[in-house]
Amino acid sequence: MKHDLSNILLALAIAGASAGTLAGCRGDREDAPPREFFPDLDNQLKWTPQSKSEFFADGRTMRGQVAGTVAFGANAFNPADQQGEWAKAYAAKREDLLRADPAIHQGLDADGKAIRAIPFPVTMEFIKQGQEKFNIYCSVCHGYLGDGKGQVGLKWATPVANLHDPKYKKPDPNTPGGGDLYTDGHIFRVGMFGLYDVSGNQKMPGYAHGMSAKDGWAVVAYIRALQASRDGAIDDVPAAERPALEKSKAALIEQAQKAATAATGGAK
Ligand code: HEC
C-alpha cells in the first residue's frame, strides 16, 4: 500500500515538473533564439536579397552585372555538353546574343536606315519558323491570315493593320521615289520593337522578348509569303503541285460549308 502511494506521488511530481517547464516557455519574453530540437537546415549562413553585405564595399548583397559581360538567363549553359533537342533553342539564342550585327539585330544599315531585304536565306524551313512565331505573337491581332481580324485586334484601341493592304507590300526599288517605307527591315523593326505614333504613344507592342532576331526575320518572310499567297494565281503554282492544291481547296470548301450548315442548325 505504502509502496503504491509513493509511486503515484513520483508520477505526479514528474508530470508537474514537465508541465512547469512547458508552461514556463509560453508567454515568456526571451531574446535568445528559441531552442531547436531538430534544426535541420532552418538556419543557414546566407545573404538574402535586399539585405546588407559586410563583404562588398558598397554594402549590397545584390550584385550588378560585371562590366563587359552578357547576361544569359538563370542557368549556366554549355552547348558542348547540352546536345539534346531541348537545348537547340538555348543554343540559337546564345549564338544570336553573341553576334553584334546591327543589320540582323536592329534591321538597320550603316546609315541607320531600315535594310531592304531579309539577311538570311529564305528557305521553306525558315518560312515555317516564321509561321510558328507569327501564329503565336502576331495572329491575335493581325489574324492568322494577316488581314487584321484577330480576336484581340478587333477590340484593340488602334485599328490593326491589314497586312494585305497594298501599301505594306515589299517596295519595288525600281519605282521612282517609292519604296523606302515598308521594307523588310521596317516590318522586322515593327514586329520586334513595336510601333509608336509621333507623340510616342504605343500603337503596337514589340515582341523581341519572345523572339530571337532570326525569328523576327522569319516572321517577315512569312508575312511576305502571306501577301504573295493572296496575290497568287494558279499559274504561279508548278503544274505538279496543282492537283494537291485543288484537293485541299475542295476539302476546305466542304469544311466551311459543313460549319455553315451546323451554324444555321441545318436549316435549308
Ligand atoms: C496587340 C495587337 C497587335 C499585335 C499582337 C501585333 N500587332 Fe502589328 N499592329 C497593331 C496595330 C494596332 C497596328 C496599326 C497601327 C497603325 O498603323 O495605326 C499594327 C501595325 C503593324 C504593321 C504596319 C506598320 C506600319 O508602319 O504601319 C506591321 C508590319 C505589323 N503590325 C507587324 C506585326 C508583327 C510582325 C507582329 C507580331 C510579331 C505584330 N504586328 C503583332 C497591333 C498588333
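We count ligands from 1, going down the list as the structure has it; atoms in each ligand are counted the same way. None of these values were measured; they are calculated from a predicted model.
With ligand atoms numbered from 1 in the order given, ligand 1 contributes 5 (C) to contacts under 4.0 Å with heavy atoms of Val140. Residue contact check: Val219 has heavy atoms under 4.0 Å from atoms 35 (C) of ligand 1. Counting the atoms of ligand 1 from 1 in the order shown, those under 4.0 Å from a heavy atom of Cys141 are 1 (C), 2 (C), 3 (C), 4 (C), 5 (C), 43 (C).
At a heavy-atom cutoff of 4.0 Å, ligand 1 is contacted by no atom of Val220, backbone or side chain. Neither the backbone nor the side chain of Lys133 has a heavy atom within less than 4.0 Å of ligand 1. Contacts between Ile223 and ligand 1, counted as non-hydrogen atom pairs separated by less than 4.0 Å, involve the side chain only. By the criterion of a heavy-atom distance under 4.0 Å, the side chain of Tyr182, and not its backbone, is placed next to ligand 1. Heavy atoms of His186 found under 4.0 angstrom from ligand 1 belong exclusively to the side chain. With a 4.0 Å heavy-atom cut-off, ligand 1 is reached by no atom of Asp197. Of the heavy atoms in Thr158, both backbone and side-chain atoms come closer than 4.0 Å to ligand 1.
Closest non-hydrogen pair, His105 versus Ala213, comes out as ND1-CB, 4.0 Å. Heavy atoms only, all atoms of each residue included: Glu36 and Asp42 are closest at OE2-OD2, 2.9 Å. Across all non-hydrogen atoms, the minimal contact from Val160 to Cys141 is CG1-O, 3.6 Å.
Counting heavy atoms only, Pro159 comes closest to atom 14 (C) of ligand 1 of the residues Gly146, Gly153, Pro159.
Sorted by first and then second residue, the ring-ring contact (aromatic ring centres under 6.0 Å, His included) pairs involving residues 134-157 (not counting sequence neighbours) are Phe134-Tyr222, Tyr137-Tyr207.
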Working for side chain to side chain contact (heavy atoms under 4.5 Å, CB included), residues Ile234 and Glu246: CA-CA 10 Å; Ile234 193 71; Glu246 296 288 2; 4.0 Å; yes
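We find that Lys258 and Glu254 are joined by a salt bridge, their nearest charged nitrogen and carboxylate oxygen being less than 4.0 Å apart.
Protein heavy atom at the shortest distance from atom 22 (C) of ligand 1 is Val190 CG1, 3.9 Å. The protein atom (non-hydrogen) at minimum distance from atom 39 (C) of ligand 1 is Met204 CE, 3.2 Å. Nearest protein heavy-atom neighbour of atom 20 (C) of ligand 1: Ala161 CB, 3.5 Å. Here the protein heavy atom with the shortest distance to atom 23 (C) of ligand 1 is Tyr168 CE2, 3.5 Å. Atom 11 (C) of ligand 1 has its closest protein heavy atom at Val160 CA, 3.8 Å. Of the protein's non-hydrogen atoms, Cys138 SG, 2.6 Å is the one closest to atom 38 (C) of ligand 1. Ranking the protein heavy atoms by distance from atom 15 (C) of ligand 1 puts Leu195 CD2, 3.6 Å first. The closest protein non-hydrogen atom to atom 5 (C) of ligand 1 is Tyr207 OH, 2.9 Å.
Annotation: His142 places an N or O atom under 3.5 Å from an N or O atom of ligand 1; distance criterion only. For the pair Tyr137 and ligand 1, the shortest N or O to N or O distance does not fall below 3.5 Å. Checking only distances, Lys203 does come within under 3.5 Å of ligand 1, N or O to N or O.
Note: Trp47 and Phe55 have tilted aromatic rings, judged against thresholds of 30 and 60 degrees for the angle between ring planes.
Not one N or O on the side chain of Ser199 forms a donor-acceptor pair closer than 3.5 Å with the backbone of Asn201. Judged by distance alone, the side chain of Trp217 and the main-chain N or O of Phe188 form no donor-acceptor pair under 3.5 Å. In terms of modelled atom types and a separation under 3.5 Å, the side chain of Lys170 and the main chain of Arg116 share a donor-acceptor contact.
Remark: distances from the non-hydrogen atoms of Met211 to ligand 1 include one below 4.0 Å.
Using a 4.5 Å heavy-atom threshold, the side chains of Leu226 and His164 count as touching. In this structure, the side chains of Ile187 and Ile223 come closer than 4.5 Å at one or more pairs of heavy atoms. Arg189 places a side-chain heavy atom less than 4.5 Å from the side chain of Phe193.
Within 6.0 Å of NZ on Lys149 lie no more than 12 heavy atoms contributed by other residues, nucleotides or ligands.
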